[in-house]
Amino acid sequence: MTTKYQLFKAMVVAGTLVLAPLSYANPDQHKGLDIIVNINDANAEQLDKLLVGIGPDKAENIIQYRIKYGKFAAADDLAKVKGIGMSTVDKNRNRIKL
């Protein structure tokens, strides 16, 4: 029993060490990939998943804003959407396409 327990402990430690780097990975960093989102055409799910700081509620607010006011003329216009400020626009500026 002792040998099995020691083997189990060793496997748990090894698994933790293998997976530890994943917890420090930057979710916004994708080597070799540029994430571009056309905020005038993207659906709510795309906005939610591809823009930093945009969850499902804000994504839906973007869609509703587009329906009411039409297409965005500039990336900064995204700050006119309820719940989205300039800091969120700045975080996504390189991802936003019109």
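For the numbers below, each heavy atom of this structure counts, side chains included, while hydrogens, waters and symmetry mates do not. In this chain, numbering begins with 1 at the start of the sequence shown.
- Side chains of I63 and L47 form a contact here, defined as non-hydrogen atoms less than 4.5 Å apart.
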Worksheet item: Does the side chain to side chain contact (heavy atoms under 4.5 Å, CB included) test come out yes or no for L51 and I39, once each step is laid out?
Response: CA-CA 10 Å; L51 293 177; I39 59 173; 4.3 Å; yes
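- In this structure the side chain of I96 never reaches within 4.5 angstrom of the side chain of F72, judged on heavy atoms.
- Each of E60, K82, K80 was scored for a side-chain contact (heavy atoms from CB on, under 4.5 Å) with Y65, with one residue passing: K80.
- Between M86 and K91, every side-chain heavy-atom pair lies at or beyond the 4.5 Å cut-off.
- Across A42 and V37, no two heavy atoms sit closer than the pair CB-CG1, 3.8 Å.
- The minimum heavy-atom distance between A59 and A44, with the atom names listed, is CB-O, 3.3 Å.
- Partner I84 forms a side-chain contact (heavy atoms from CB on, under 4.5 Å) with one of I54, N61, N92 and no other, that one being I54.
- Heavy atoms only, all atoms of each residue included: E45 and N43 are closest at N-OD1, 3.1 Å.
- Residues V89 and D76 are in side-chain contact: their nearest non-hydrogen atoms beyond the backbone lie under 4.5 Å apart.
- Using a 4.5 Å heavy-atom threshold, the side chains of N40 and R66 count as touching.
- A distance of 5.0 Å separates CG in D41 from NZ in K71, rounded to the nearest 0.5 Å.
- A distance of 8.0 Å separates CD1 in I36 from NZ in K97, rounded to the nearest 0.5 Å.
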